[in-house]
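Computed over heavy atoms, backbone and side chain alike; hydrogens, waters and symmetry mates excluded. Values in this document were obtained by computation on a predicted structure and should not be read as measured data.
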Amino acid sequence: MRNKSVAVLDIRSSEICAVIAERGVNNTFIIKSKYSQPYEGYAEGELLDVNDFIAAVREVVSGILNSADTSVRSIYIGVPCEFIETVQTDKVISFQSAQKISPRHIRNLTSSSLPACKDDKKIIGQGALYYVLSDKRRLLNPIGTVSDSLRARYSFFLCKSSFADTVERALSQFPSIRTYNWLSQNYAEGLYLFGQDDRDGYKILFDFGFISSTFSVVCGDGIAFSEAFSVGVGHIAVLLMEALDIPYEAASELIKLINLNARDGISVKEEYNLCGEIYNFSPSELRELVREGLDGVCAMIETCIQAFAPKDLTGAPIYVTGEGVGIIRGTIEHFSSRLVTPVEVIAPKVPYYDKPRFSSLFSLLSASLGDAAQ
């Protein structure tokens, strides 16, 4: 495959998507081939059905390979936060005299900062939150500055070996693909969705997924804190299913019809045609059930904010993305009201794909194309 094109595998908790794309003008993307496949997903750091996952990976990758006009020899794989441990390191190197900081110094500092890694995990990447010079100046890029010491705060991303092994097993049936490049999904999102100037301070990014969601604190070119928890919009459908005694498929349709901003009395009932069956429910009661589910998500976000030690982020704006955004009308307003903080939707600035559900895909594409160009 030509160097300017990349193959990317985006693994979400509701579907898997494989894409071949290249860079267009003005940092846009040219999608040459794209295939998606729903599957059982993952939760609590484990795939819910390994065989189903392998089949879905093979389905989408086979689709892009069959439509590719050249041979695909490498693929970039986005690793969800459920399968990643983010490790922080803080390291200082000193010089005998003041020196101009060069890329060689950065490489030496990075290699000396590597965390210990057990057999059940492997390092797939890293990013620097910031660098500190001997005069205490804190910088995102110290190259070209003069100092007699250099300190760096790094975040390293450790992928579960069992997950990587399963992905490689799924891809083993494609002998033309010889190189696997691993990318931390939430790290790619943080760097793509926020500009470098925005990342000079701490930014909260919440990826609201279907089965699994991820809370990240983005800083510089790294991740200062991340936590995945197995709660998403799909769990709200389960809540409705159990409370209303209806099939899950009907509950999944029902949540798309609920508007949390609507106003009507509790005695009012409406007729819903779900999966060919007619149901009568009070919209007011439905909204309360959904709010209960969303409050559980908010409780998780609050726990993450409180767990972040370097700075009090209470009241800081929260940027929300992911496939769970937009399914239930009024979700963002409820988050903002419940968390008592500004909540904004963030998404790729790409024509036709400017929706939160495409954030992980285009973040991975941006990271992959940047890596392939080096």
(message) Evaluate Gln185 against Val79 for side chain to side chain contact (heavy atoms under 4.5 Å, CB included), listing each step before the verdict.
(response) CA-CA 5 Å; Gln185 191 180 80; Val79 182; 5.8 Å; no
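- For the ring pair (Phe, Tyr, Trp, His ring centres under 6.0 Å) test, no residue two or more places apart in sequence or in another chain qualifies with His235.
- Aromatic ring pairs are classed by plane angle as parallel below 30°, tilted from 30° to 60° and perpendicular above 60°; the pair Phe53 and Phe163 is tilted.
- The closest side-chain heavy-atom distance from Trp182 to Phe157 is not below 4.5 Å.
- For Glu46 and Lys160, the salt-bridge test passes: some basic side-chain N is under 4.0 Å from an acidic carboxylate O.
- Atom OG in Ser336 sits 9.5 Å away from atom CD in Glu344 (nearest 0.5 Å).
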(request) Could you please spell out the steps behind the side chain to side chain contact (heavy atoms under 4.5 Å, CB included) verdict for Ser13 and Glu323? (result) CA-CA 9 Å; Ser13 64; Glu323 72 261 54; 3.8 Å; yes
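- Separation of atoms CD (Gln306) and CG (Asp312) is listed at 9.5 Å; rounding is to 0.5 Å.
- Although no hydrogens or angles enter the test, the distance criterion places a donor-acceptor pair under 3.5 Å between the side chain of Thr321 and the main chain of Ile346.
- A donor and an acceptor atom, one from each side chain of Asp120 and Ser161, are nowhere located under 3.5 Å apart.
- The pair Arg291-Glu288 counts as a salt bridge, with a side-chain nitrogen and a carboxylate oxygen less than 4.0 angstrom apart.
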(message) Does Leu294 form a side chain to side chain contact (heavy atoms under 4.5 Å, CB included) with Thr331? I'd like the steps, not just the answer.
(response) CA-CA 8 Å; Leu294 291 175; Thr331 294; 4.1 Å; yes
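- The two atoms that bring Tyr35 and Val60 nearest to each other are O-CG1, 3.6 Å, heavy atoms only.
- Distance check, rounded to the nearest 0.5 Å: CG of Leu364 to CZ of Phe358 gives 14.0 Å.
- Inter-residue side-chain proximity for Ile31 and Phe362 is flagged as met; some heavy-atom pair is nearer than 4.5 Å.
- By the 6.0 Å contact criterion, NZ on Lys91 is open, its count of non-hydrogen atoms from other residues, nucleotides or ligands being 12 or less.
- A donor atom on one side chain and an acceptor atom on the other are not found under 3.5 Å apart for Gln88 and Ser155.
- Hydrophobic clustering, with ILVMFWY side chains joined whenever heavy atoms are under 4.5 angstrom apart, keeps Ile106 apart from Leu191.
- In the hydrophobic cluster analysis, where Ile, Leu, Val, Met, Phe, Trp and Tyr join through side-chain heavy atoms closer than 4.5 angstrom, Tyr187 is grouped apart from Ile123.
- Taking each heavy atom of Gly315 and Thr341 in turn, the nearest pair found is O-OG1, 2.8 Å.
- Aromatic ring pairs are classed by plane angle as parallel below 30°, tilted from 30° to 60° and perpendicular above 60°; the pair Tyr279 and Phe281 is parallel.
- Between Val233 and Ile328, the closest side-chain pair of non-hydrogen atoms falls below 4.5 Å.
- Both Leu133 and Tyr131 belong to a common hydrophobic cluster when Ile, Leu, Val, Met, Phe, Trp and Tyr are linked at side-chain heavy-atom distances under 4.5 angstrom.
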(request) May I have the step-by-step check of side chain to side chain contact (heavy atoms under 4.5 Å, CB included) for Cys304 and Phe225, ending in yes or no? (result) CA-CA 9 Å; Cys304 290; Phe225 178 90; 4.0 Å; yes
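- Of all non-hydrogen atoms in Leu274 and Glu253, the two that sit nearest each other are CA-OE1, 3.6 Å.
- Using a 4.5 Å cut-off on side-chain heavy atoms (C-beta onward), Leu244 and Leu286 make contact.
- One side chain, Ser67 or Ser33, offers a donor N or O that lies under 3.5 Å from an acceptor on the other.
- Using a 4.5 Å cut-off between side-chain heavy atoms of Ile, Leu, Val, Met, Phe, Trp and Tyr, with links allowed through other members, Leu205 and Ile318 fall into different hydrophobic clusters.
- With hydrogens and angles ignored, the 3.5 Å screen pairs no side-chain donor or acceptor of Arg151 with any backbone N or O of Val92.
- Contact of the Lys34 side chain with the Leu361 side chain is registered, since non-hydrogen atoms from C-beta on lie closer than 4.5 Å.
- Under a 3.5 Å cut-off, the side chain of Ser359 and the backbone N or O of Ala347 do not form any donor-acceptor pair.
- If you run side chain to side chain donor-acceptor pair (under 3.5 Å) between Tyr154 and each of Thr89, Asp90, Thr110, Asp221, only Thr110 comes through.
- At a threshold of 4.0 Å, the pair Asp207-Arg12 counts as salt-bridged, since one of the basic side-chain nitrogens sits closer than that to a carboxylate oxygen.
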(message) side-chain hydrogen bond (donor to acceptor under 3.5 Å, both in side chains), that's the test. Do Gln99 and Ser147 meet it? Break it down for me.
(response) CA-CA 6 Å; Gln99 296 186 26; Ser147 179; over 6 Å; no
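- By the 4.5 Å heavy-atom criterion applied to side chains, Ile177 and Val61 are counted as neighbours.
- Here the closest heavy-atom approach between residue Leu193 and residue Pro348 is recorded as CD2-N, 4.1 Å.
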(request) Run the numbers on Tyr319 and Phe194 for ring pair (Phe, Tyr, Trp, His ring centres under 6.0 Å), then give the verdict. (result) CA-CA 10 Å; Tyr319 296 86; Phe194 297 118; 5.3 Å; yes
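- Residues satisfying the side-chain hydrogen bond (donor to acceptor under 3.5 Å, both in side chains) criterion with Ser216, sequence neighbours excluded, are Asn186.
- Checking His105 against Ser102 by side-chain atom types alone, a donor-acceptor pair falls below 3.5 Å.
- Within the 4.5 Å cutoff, side-chain heavy atoms of Ile258 are placed close to those of Leu260.
- Annotation: cation-pi pair Arg138/Tyr130 present, NZ/CZ under 6.0 Å from the ring centroid and within 45° of its normal.
- From Arg169, atom CZ reaches atom CG of Leu171 across 11.5 Å, with rounding to the nearest 0.5 Å.
- Under a hydrophobic-cluster definition in which Ile, Leu, Val, Met, Phe, Trp and Tyr are linked whenever side-chain heavy atoms come within less than 4.5 Å, directly or via other members, Ile75 and Val6 are assigned to the same cluster.
- Counting heavy atoms from C-beta on, the side chains of Leu365 and Tyr76 never come closer than 4.5 Å.
- For the pair Thr214 (side chain) and Ala228 (backbone), a donor-acceptor distance under 3.5 Å is absent.
- Checked by atom type and distance alone, the side chain of Glu189 never pairs as donor or acceptor with a backbone atom of Gly322 at under 3.5 Å.
- Here the closest heavy-atom approach between residue Glu82 and residue Gly45 is recorded as OE1-N, 2.8 Å.
- Residues Asp295 and Arg338 are paired through a salt bridge, judged by an N-O separation under 4.0 Å between the basic side chain and the carboxylate.
- For Lys100, the NZ atom is loosely surrounded, since the number of other residues' heavy atoms within 6.0 Å does not exceed 12.
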